Amino acid sequence: MNVEKEYKKILIILFLVILFNFNLLPINYPTDIYNILEIGFAEYAKQWFAPAGRLVGLILFFVLDKTIISVNMYIVIMKFLSIIISSISIYIFYKTLIQLDKDASKLKKNIYLLASAATLLNRSTYQFFYYTESAIMWLGVLFVILALKNLVQNEKKYLRTSIYLFIAMNCYQAVILFYLPVAIILVGVKANTIKKFFVDIIKNGIIVLINLLLGYGILKILTFYYNAKAFRSTEFVLTFDLILNNFYYIYSVFCDGAHNLNLSYIYTTIIVLSLFLSPNILNLNKRVSILSIWLAITISMLEVVGIISTINFYCGDRIQFAYVSMVGVSLVYFLLYLNTDKEKAINILILIFTIIYLAFNIWNANDITKWHRIVRERDENILNTINLKVAEYEKLQGIEITRVEYCYDKNYVRCDYDIRETKESTQRILASEWVVENAIKYTLDSEVVVEENLEIYSTVFQEKEWDTFNIDEQIKFKENIMYYCIY
């Protein structure tokens, strides 16, 4: 192995990761940051990680609660670790693919490198850098990649694969869904017969299912122990009702007009299916045609399941990691199954496509995070303005505000009209019901009681509507109570 060349590849990967993550450096503030600031690491772990079944985050936050590490310092450390871990994940994924295609040309190896980066740096994983537990989420991805590496090097060591997936599951559940479609492709490359292909897929499917059930068991134990209600967890994978609801959602969307459906689902599916089917259509396969056709059909079915399982799930971007990654995975499939006697011209075309796709992912991540920074600046300005207004009232009246009651106007929105809407990433803190109370408490820096009171919208604010923040109209006082209407 040429050490100098490997260092260059690692530096290229690191550069791409930093570029992808540029607008979130050196620090960013997700919506739930005020929950940690107000209630602390341990309480946050009980209220958020336990109900989500995220054991690794739960343990880490309990440890952090016993240290002197501040929240800001913690976020910077997690940001640094997420960059390192994601870079390692991409590099190991690349080396795993190269091991399967040892005769690949220099050009093809470069495409594998970019395809590995494009697979893991996509329109879903920008959120893996965004959240306070960013390094934990990327650690989950790393262990999935290690499980895939183990599949290639030691396919019979199922216990090690299962341990890797178990750790990944307890870092962040959604990443485990990435394993099976990639494993199917890798098994297809290694399989000598159709029988071996099916047997290995069934074995790996059982491993994934066992880990999903183990994760579900841990979720139930944690929710029982902490007396919490499960949310954003493995239940979104296993709950039949949610799948039925999403079928209904898709049906209703198309009844109302297909333009209401996020076109990215359609574009992603078209690209993936085209890449999976084209080796068969163009007769470029170097393996048994029946096997490759079955691969295409299998991945296509997983593609549909991916849409159905996540399309109407609120925190869509990061949950859809496995589905969104299918574009990069389909590139990997195309490269692994490409016939060597025709590959040069097509490799150049694939290289161009890969560069364009990776460039789009980097642009998209930076565009979203650019808007994220703008939204957070507005949030800080609003919170500071409210704090000054309260201080002015208390000084003038000689009364301390001990209670805050808030409501929402009739047509309130989570994201401002002039901001690109990407769910949590560009969502206003004070329009996020899971953080608004702690944000107000932390800002006022007191033992103030904050509660939602929908009745004040009519009694205090006369059902008025706003589309921007208006301190004089949206903040009212009565003795020791502050009323706040969120636009």
Side-chain angles (χ1 to χ4, degrees), residues 1-3 5-14 16-17 84-122 125 138-168 171 175-192 196-197 200-201 203-204 207-208 275-276 286-287 295 299 302 321-322 325-338 347 350 354 358:
M1 182 176 68
N2 190 316
V3 176
K5 287 184 178 179
E6 294 305 307
Y7 276 132
K8 286 181 180 179
K9 290 170 184 174
I10 292 170
L11 288 175
I12 289 171
I13 292 171
L14 189 61
L16 291 172
V17 170
I84 299 301
I85 295 171
S86 59
S87 299
I88 294 172
S89 300
I90 294 170
Y91 180 73
I92 295 176
F93 188 42
Y94 159 72
K95 295 298 287 185
T96 302
L97 299 176
I98 292 299
Q99 187 174 349
L100 279 172
D101 196 356
K102 295 178 181 177
D103 298 327
S105 63
K106 183 178 178 180
L107 172 61
K108 198 171 183 182
K109 287 180 179 179
N110 290 332
I111 301 174
Y112 275 122
L113 181 67
L114 295 176
S116 300
T119 301
L120 297 182
L121 301 177
N122 55 51
T125 53
W138 276 112
L139 189 64
V141 174
L142 175 60
F143 275 99
V144 171
I145 299 299
L146 288 173
L148 291 168
K149 179 185 176 184
N150 183 67
L151 175 66
V152 171
Q153 293 181 341
N154 312 288
E155 60 180 289
K156 293 185 178 180
K157 293 187 177 179
Y158 298 112
L159 178 60
R160 182 183 294 179
T161 297
S162 188
I163 291 171
Y164 285 151
L165 292 180
F166 179 78
I167 297 171
C171 289
V175 299
I176 197 176
L177 300 179
F178 176 76
Y179 175 79
L180 191 56
V182 182
I184 291 172
I185 294 172
L186 302 186
V187 165
V189 174
K190 291 171 66 67
N192 297 319
K196 180 173 172 53
F197 171 72
D200 286 348
I201 283 180
K203 288 179 179 177
N204 281 279
I207 290 173
V208 172
L275 286 168
F276 272 112
K286 59 184 179 183
R287 306 204 64 79
L295 270 168
I299 299 296
L302 288 170
F321 165 64
S325 299
M326 284 295 100
V327 175
V329 171
S330 61
L331 281 169
V332 169
Y333 167 83
F334 197 98
L335 289 166
L336 288 172
Y337 281 76
L338 198 61
N347 271 345
I350 287 293
T354 305
L358 181 57

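Since the model is a prediction, treat every value here as computed from it, not as a measurement.
Taken to the nearest 0.5 Å, the CG atom of L151 stands 8.5 Å off from the CG atom of L100. To the nearest 0.5 angstrom, I13 atom CD1 is 9.5 Å from S86 atom OG. Here the OG-CG distance, from S325 to L331, works out to 11.5 Å after rounding to the nearest 0.5 Å. For the atom pair K95 NZ and Q153 CD, the distance stands at 10.5 Å (nearest 0.5 Å). Considering CG of L186 and CD of Q99, their distance stands at 10.5 Å, rounded to 0.5 Å. Rounding to the nearest 0.5 angstrom, the gap separating the OH atom in Y91 from the CD1 atom in I10 is 4.5 Å.
The nearest pair of heavy atoms linking G140 to A168 is O-CB, 3.3 Å. Nearest heavy-atom pair across I145 and S89 is CG2-O, 3.7 Å. When all heavy atoms are compared, the tightest approach of A115 to T354 is N-CG2, 3.7 Å. What you find for L14 and S87 is that their closest heavy atoms are CD1-OG, 3.5 Å. Contact record, T96 with L148: CG2-O, 4.1 Å, taken as the closest heavy-atom pair.
For N122 (side chain) and T119 (main-chain N/O), a donor-acceptor pair under 3.5 Å exists by modelled atom type. Between the side chain of S162 and the main chain of Y158, no donor-acceptor pair closer than 3.5 Å is present. Judged by distance alone, with hydrogens and angles left aside, the side-chain atoms of T125 form a donor-acceptor pair with the main-chain N or O of L120 at under 3.5 Å. For N204 (side chain) and D200 (main-chain N/O), a donor-acceptor pair under 3.5 Å exists by modelled atom type.
Take K149 and apply the salt bridge (charged side-chain N to carboxylate O under 4.0 Å, His left out) test, not counting sequence neighbours, and it matches no residue. By the side chain to side chain contact (heavy atoms under 4.5 Å, CB included) test, K109 is found to be paired with Y94, I98, A104, residues two or more places apart in sequence or in another chain being considered.
Screening I85, I90, I84 for a side-chain contact (heavy atoms from CB on, under 4.5 Å) involving I88 leaves a single residue, I84.
The side-chain heavy atoms of L142 and L139, taken from C-beta on, include a pair separated by under 4.5 Å. Residues L16 and L114 form a side-chain contact, since some pair of their non-hydrogen atoms from C-beta on lies under 4.5 Å apart. Side chains of F321 and L177 form no contact here, defined as non-hydrogen atoms less than 4.5 Å apart.
For the residue pair D101 / Y112, a side-chain donor-acceptor distance below 3.5 Å is found, with atom types taken as modelled.
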Open item on the list: For I163 and F143: C-alpha separation, side-chain torsions, deciding distance, then whether side chain to side chain contact (heavy atoms under 4.5 Å, CB included) applies.
Closed with: CA-CA 9 Å; I163 291 171; F143 275 99; over 6 Å; no
